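For clarity, every value in this text was computed on a predicted model and none was experimentally measured.
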Amino acid sequence: MNNEILEDLECYEFNIDEQYVNVRIDKFLSLMMTNMSRNYIQEFIEDGYVFVNEKNVKSSYKLLENDHIIVYLKPLKEDEILPENIPLNIVYEDSDIAIINKEAGMVVHPSAGHSSCTLVNALLYHIKDLSGINGVYRPGIVHRIDKDTSGLIAIAKNDIAHNSLANQLKDHTMSRNYLCLVKGVLESKRGMIKTLINRDKKNRLKMAVVNDNGKEAITEFEVVQTFNDKYSLVKCHLQTGRTHQIRVHMNFIKHPIINDPLYGENNKISLDCAQLLHAYELTLIHPTTHEKMTFNAPLPSHFNKAIEIVSANKK
C-alpha cells in the first residue's frame with residue numbers, strides 16, 4: 001500500500017495491554033470497531049490497511065503486550081452510496097427541513113464498513129432534495145447522533161437551510177435534550193459537568209476527559225427519577241456537542257449509561273436492547289419562517305422495557 005495514499009486517510013490507533021494478549025487481531029478489531037463485521041475487518045487486513053508496529057500482518061496474528069495498531073479507513077466509492085427503502089420515522093417535513101426520529105442501531109452516514117443501511121441511504125430514498133454542503137457521503141446531515149443512540153435529528157433539504165441550522169448549532173439557538181438511564185444514584189439532583197474532551201490515547205474509538213489539549217464540553221443534567229437506589233433516569237441538556245459527550249460525562253462522574261458498549265463497567269442489565277440514551281427533544285428556528293419550533297420523540301419500546309425491569313429490581 002502506497003504510504004502517500006494512507007497519509008490522506010482517517011485512521012484509528014490502539015495500544016495493546018495484557019488483557020488482549022494472544023487474541024487474534026481480527027477478533028480484537030471486531031470488538032473495538034463495532035460498526036464493522038469481522039469479515040470486513042479481515043478484508044481490511046488482507047488489503048494492507050492494518051499495521052502492527054508499522055508492519056502489515058495476517059488476520060490470524062495474535063497480539064502481544066504493547067503492540068501498536070493503526071487501522072486506516074478504506075475510502076468508500078461514491079457509487080456505493082445508494083438509496084435504500086428503509087423505513088423512516090419522519091416526525092416533520094417541509095420544503096426546507098425534515099426531522100427524523102432515528103432508531104437505535106442505525107448509523108447516520110456511510111463510512112468504512114457501513115456503505116448501506118444507514119440513515120443517509122434511507123434519506124436518499126424517501127427525501128429527494130437534500131443539501132449538498134457535506135458532499136455525497138453526508139447529504140442533508142447537519143449534526144449526528146451515535147449509532148446506538150435513538151431520537152431526533154434535523155435534516156437540511158437545501159444549502160440555505162443547512163447553513164442556518166449549522167449556525168444555530170454554533171450559537172446554541174438549537175437546543176437538544178436527552179434522556180438516559182444510568183447506573184447508581186447521583187449525589188446532586190441537578191448540576192453541570194464542564195470538562196475538556198479529546199480522543200482516548202489508548203483506544204482511538206473512544207473519547208476521554210483530559211486535562212489539556214481538548215475541546216470544552218458542557219452538559220447540564222437533572223435527575224428525573226431513581227429506581228431501587230440502583231439506577232437513575234437523567235435528563236441531559238447539551239451546551240456543546242462533542243463526540244460521545246453525554247456518554248463520556250456520565251461515565252466521568254461514575255454513573256455510566258446502561259448498556260453503553262464503550263464506556264463504563266458493570267453497566268449492563270440482562271436485556272437485549274440498545275444503549276439507553278435517547279434524544280427526546282429538539283428545538284430550532286425555522287430557516288425560512290424564523291418560527292421557533294420544538295419537536296418531541298417518546299421513549300422507544302426498548303427504553304420503556306428497561307425502565308420496567310429496573311423498577312421491579314430485576315437482573
_Just so I know, are the side chains of His68 and Ile70 near enough to count as touching, which here means a heavy-atom distance under 4.5 Å?_
yes
*Group every Ile, Leu, Val, Met, Phe, Trp and Tyr by side-chain heavy-atom contacts under 4.5 Å, then state whether Ile258 and Ile307 land in the same group.*
yes
*Checking side chain to side chain contact (heavy atoms under 4.5 Å, CB included) against Ile100, which of Ile145, Val91, Leu123 comes through?*
Leu123
*Just checking, any donor-acceptor pair under 3.5 angstrom between side chains of His172 and Gln239?*
no
*Write down the atom of His143, the atom of Ala154, and the distance for their closest heavy-atom approach.*
NE2-N, 2.9 Å
*Which ILVMFWY residues are connected to Val21, directly or by a chain of links, through side-chain heavy atoms under 4.5 Å apart?*
none
*Which atom names give the shortest non-hydrogen contact between Thr219 and Cys236, and what distance separates them?*
CG2-CB, 4.0 Å
*Going by atom types alone, do Asp260 and Asn251 pair a side-chain donor with an acceptor below 3.5 Å?*
no
*Distance-only polar pair, side chains of Thr118 and Asn121, donor-acceptor under 3.5 Å*: yes
*Ile69 and Ile16: side-chain contact (heavy atoms from CB on, under 4.5 Å), yes or no, with the steps?*
CA-CA 8 Å; Ile69 301 172; Ile16 301 303; 3.7 Å; yes
*Check whether any side-chain N or O of Gln245 sits under 3.5 Å from a backbone N or O of Arg242 as a donor-acceptor pair, and report yes or no.*
yes
_Qualifying salt bridge (Lys or Arg N to Asp or Glu O under 4.0 Å) pairs with a residue from residues 155-175, counting only residues at least two apart or across chains_ = Glu93-Lys157
*Residues, nucleotides or ligands: over 12 heavy atoms within 6.0 Å of Asn85 CG*: yes
*Return the minimal non-hydrogen interatomic distance between Ile246 and Cys180, and the atom names on each side.*
CG2-SG, 4.5 Å
*asked:* If hydrophobic clusters are built by linking Ile, Leu, Val, Met, Phe, Trp and Tyr wherever their side-chain heavy atoms come under 4.5 Å apart, do Met106 and Leu152 end up in the same one?
replied: no
*For this output row, return yes or no: ring centroids of Tyr72 and Tyr49 closer than 6.0 angstrom.*
no
_Glu84: salt bridge (charged side-chain N to carboxylate O under 4.0 Å, His left out) partners, not counting sequence neighbours_ = none
_Does atom CG (Asn89) have a neighbourhood of more than 12 heavy atoms from anything else shown, all under 6.0 Å?_
yes
*When rounded to the nearest 0.5 angstrom, what distance separates CD in Gln225 from OG in Ser311?*
6.0 Å
*What's the spacing between Met32 CE and Lys206 NZ if we round to 0.5 Å?*
8.0 Å
*Begin from the C-alpha positions of Leu181 and Val310 and carry the test side-chain contact (heavy atoms from CB on, under 4.5 Å) through to its verdict.*
CA-CA 10 Å; Leu181 186 67; Val310 298; 4.2 Å; yes
_Just to verify, what does Ser59 make a side chain to side chain donor-acceptor pair (under 3.5 Å) with, not counting sequence neighbours?_
none
*Leu31 CG: over 12 foreign heavy atoms closer than 6.0 Å*: yes
_Spacing of CG belonging to Asp148 relative to CG belonging to Asn259, to within rounding of 0.5 Å_ = 9.5 Å
*Verify the cluster assignment for Ile253 and Leu262: are they in a single hydrophobic cluster under the rule of side-chain heavy atoms below 4.5 Å apart?*
yes
*Can we call the ring centroids of Phe28 and Phe14 under 6.0 Å apart?*
yes
_Which residues pass the side chain to side chain donor-acceptor pair (under 3.5 Å) test with Tyr61, not counting sequence neighbours?_
Asp67
*Out of curiosity, does Val57 fall in the hydrophobic cluster containing Tyr40 (side-chain heavy atoms, cut-off under 4.5 Å, transitive links)?*
yes
*Who are the ring-ring contact (aromatic ring centres under 6.0 Å, His included) partners of Phe252, not counting sequence neighbours?*
none
*asked:* Heavy-atom count check: over 12 atoms from other residues, nucleotides or ligands less than 6.0 Å from Tyr92 OH?
replied: yes
_Is it the case that the side chain of Lys128 and the backbone of Tyr125 share a donor-acceptor pair, with hydrogens and angles ignored and the cut-off at 3.5 Å?_
yes
*Please list all pairs passing the salt bridge (Lys or Arg N to Asp or Glu O under 4.0 Å) test where one or both residues lie in residues 36-45, with sequence neighbours left out.*
Asp26-Arg38, Glu43-Lys74
*asked:* So for atom NZ, which belongs to Lys215, do other residues, nucleotides or ligands contribute more than 12 heavy atoms lying within a distance under 6.0 Å?
replied: no
*Could you state the interatomic distance from CD1 (Ile285) to CG (Leu165), rounded to the nearest 0.5 Å?*
10.5 Å
*Give, for atom CG of Asn267 and atom CG of Leu276, the distance between the pair rounded to the nearest 0.5 Å.*
10.0 Å
*Sequence neighbours left out, what passes side chain to side chain contact (heavy atoms under 4.5 Å, CB included) with His278? Give chain and number order.*
Asn101, Ser150, Tyr280, Ala297, Leu299, Pro300, Phe303
*Taking Asp146 as the fixed residue, which of Arg247, Lys102, Gln275 is the one that meets the side-chain hydrogen bond (donor to acceptor under 3.5 Å, both in side chains) rule?*
Arg247
*Roughly how far apart are Leu284 CG and Thr294 OG1, rounded to 0.5 Å?*
8.0 Å
*Do you reckon Phe295 sits in the same ILVMFWY cluster as Leu88, going by side-chain contacts under 4.5 Å, direct or chained?*
no
_Using side-chain contact (heavy atoms from CB on, under 4.5 Å), reason through Met207 and Asp200 one step at a time and then give a plain yes or no._
CA-CA 5 Å; Met207 307 299 289; Asp200 189 309; over 6 Å; no
_Nearest heavy-atom neighbours spanning Leu282 and Ile99_ = CD2-CD1, 4.1 Å
*Could you walk me through whether Glu222 and Val234 pass the side-chain contact (heavy atoms from CB on, under 4.5 Å) test, one step at a time?*
CA-CA 6 Å; Glu222 179 182 351; Val234 181; 6.0 Å; no
_Donor on one side chain, acceptor on other, Ser175 and Thr283, under 3.5 Å_ = no
*Short side-chain donor-acceptor distance under 3.5 Å, Ser232 and His255*: no
*Hydrophobic side-chain clustering at under 4.5 Å (ILVMFWY, transitive links): who's grouped with Ile218? Put none if nobody.*
Met192
*For Val223 against Ser188, the heavy-atom pair lying closest together*: CG2-O, 3.8 Å
*Check which hydrophobic residues are tied to Val185 through side-chain heavy-atom contacts below 4.5 Å, counting indirect links as well, and list them.*
none
*Step through the shown structure and confirm whether more than 12 heavy atoms of other residues, nucleotides or ligands are within 6.0 Å of NZ on Lys55.*
no
*Side-chain H-bond candidate by donor/acceptor type, Asp94 with His286, under 3.5 Å*: yes
*Residues sharing Leu196's hydrophobic cluster, by side-chain heavy-atom contacts under 4.5 Å among ILVMFWY, directly or via others?*
Val210
*Side-chain donor or acceptor of Asn198 paired with backbone N/O of Asn213 under 3.5 Å*: yes
*Could you tell me which non-hydrogen atom of Thr240 sits nearest to which non-hydrogen atom of Leu238, and how far apart they are?*
O-CB, 3.2 Å
*Tell me the side chain to side chain donor-acceptor pair (under 3.5 Å) pairs involving residues 176-187, sequence neighbours left out?*
Asn177-His237, Asn177-Glu281
